[in-house]
Amino acid sequence: MPSHDARSPISPHLTTVFHQASHDGRRLVEGLLCQNGESLDWIDDLRQLQAKYLEKSPQRAQRDCSAGCPACCMTAQVDATPIEAIAVSEYLRNYLDTDDLFNVKNRLTRVTKLRIAQINAQAPQRPLACGLLGLDGKCSIYPVRPIICSGVFSLNQNECAKAEREAQAGDFSQSIPLDQEAIQATGGISGTLQRVLVEHGLDGNLYELSSAVLAALQVPDCLEHYLNKEDIFQNAICTDPHSPPRKRIVPKPKFLNRRASRPA
């Protein structure tokens with residue numbers, strides 16, 4: 001996703017926002033793991049926490065996003081945690097009729113195949129529209145969209161349109177001015193969600209959204225299977241394999257723990 005200059009130093013205030021959001025996120029996720037709730041409950045609670053930070057951002061009045069502007073959905077690869085992908089799949093099952101769900105699955109399959117072809121250098125590196133973008137240019141899963149989607153706000157819609165045009169031509173270098181406090185809070189909550197899942201022995205890796213939702217749609221009662229530590233997302237595109245089951249953690253060799261026993 002095009003962003004603000006990544007080389008710009010993060011201010012002490014933004015660092016504080018990140019750490020506070022991480023702290024609040026940890027307390028929330030630990031509580032959710034103790035409950036027997038649904039995946040949609042997770043997203044509702046996470047979004048309520050996120051909203052408290054988004055409303056406090058001093059750049060809130062400068063945001064230039066509006067309904068029907070699909071620039072981000074046309075240019076950005078969205079990464080999501082398993083919990084977020086499962087919530088999207090449950091939303092689709094609950095609110096789409098059989099024909100619409102069939103069409104969504106076909107769209108997700110097409111986008112996933114194209115993404116895999118790009119990864120394998122078998123297709124041009126061009127932006128792919130999100131498989132969950134509606135024909136009307138609006139997000140079809142807006143109430144349960146991933147946390148990253150609800151936490152990124154452009155401060156200049158013209159720059160978004162420019163970035164979309166240049167991305168379609170193969171240039172992904174365009175930067176967009178963003179609400180930085182919203183990004184830091186969102187990063188804190190999302191990062192903590194991943195860490196707490198991993199700490200509890202669950203899959204906390206990040207997956208490309210279309211492929212992850214497609215994988216979750218194949219498994220009825222997906223959240224139950226996920227919490228039972230089944231590998232639901234083995235066929236999804238993992239974009240950040242930082243922990244099991246995608247990344248095998250190799251233990252430190254035992255000899256490194258031994259004291260030297262040889263005589264001097």
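Just so it is clear, the structure is predicted and the values come from calculations on it, not from any experiment. Both backbone and side-chain heavy atoms feed into the values below; hydrogens, waters and symmetry mates do not.
- In this structure, K105 forms no cation-pi arrangement with F102, as its terminal cationic atom is not both closer than 6.0 Å to the ring centre and no more than 45° off the ring axis.
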Next item on the list: Evaluate the criterion side-chain hydrogen bond (donor to acceptor under 3.5 Å, both in side chains) for residue pair Q174 and E159; output intermediate values, then yes/no.
Entry: CA-CA 8 Å; Q174 179 67 28; E159 292 297 323; 2.7 Å; yes
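- Of the charged side-chain nitrogens involved, none lies within less than 4.0 Å of a carboxylate oxygen, so that R47 and E84 do not count as a salt-bridged pair.
- Taking a 6.0 Å sphere around CG of N36, one finds it holds 12 or fewer heavy atoms contributed by other residues, nucleotides or ligands.
- Using a distance-only test at 3.5 Å, with no hydrogens or angles considered, a donor-acceptor pair links the side chain of S211 to the main chain of E208.
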Check: Given R195 and T192, is the side-chain hydrogen bond (donor to acceptor under 3.5 Å, both in side chains) satisfied, shown in steps?
Finding: CA-CA 5 Å; R195 284 191 294 275; T192 294; 2.9 Å; yes
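- Between Y91 and L132 the shortest side-chain heavy-atom distance does not fall below 4.5 Å.
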Checklist line | CA sep, side-chain torsions, deciding dist, call: N94, E90, side-chain hydrogen bond (donor to acceptor under 3.5 Å, both in side chains) | finding: CA-CA 6 Å; N94 291 339; E90 289 301 318; 4.6 Å; no
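- In this structure, the side chain of D64 engages the main chain of Q157 through a donor-acceptor pair within 3.5 Å.
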Tabulate below the donor-acceptor pairs under 3.5 Å that side-chain atoms of residues 114-124 make, not counting sequence neighbours, or state none.
| from | atom 1 | to | atom 2 | distance (Å) |
| --- | --- | --- | --- | --- |
| Q118 | NE2 | P124 | O | 3.0 |
| Q118 | NE2 | R126 | O | 2.7 |
| N120 | ND2 | I116 | O | 3.3 |

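- Within 6.0 Å of CD in E38 there are 12 or fewer heavy atoms belonging to other residues, nucleotides or ligands.
- Hydrophobic clustering (ILVMFWY, side-chain heavy atoms < 4.5 Å, transitive): L33 and I232 are in one cluster.
- The main-chain N or O of V104 is never found under 3.5 Å from a side-chain atom of R107 such that the two would form a donor-acceptor pair.
- In summary, K247 and D240 do not engage in a salt bridge, as defined by a charged side-chain N under 4.0 Å from a carboxylate O.
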Notebook entry, point to check: For T186 and Q50, what are the C-alpha separation, side-chain angles and deciding distance, and is it a side-chain hydrogen bond (donor to acceptor under 3.5 Å, both in side chains)?
Noted result: CA-CA 7 Å; T186 297; Q50 182 187 38; 3.0 Å; yes
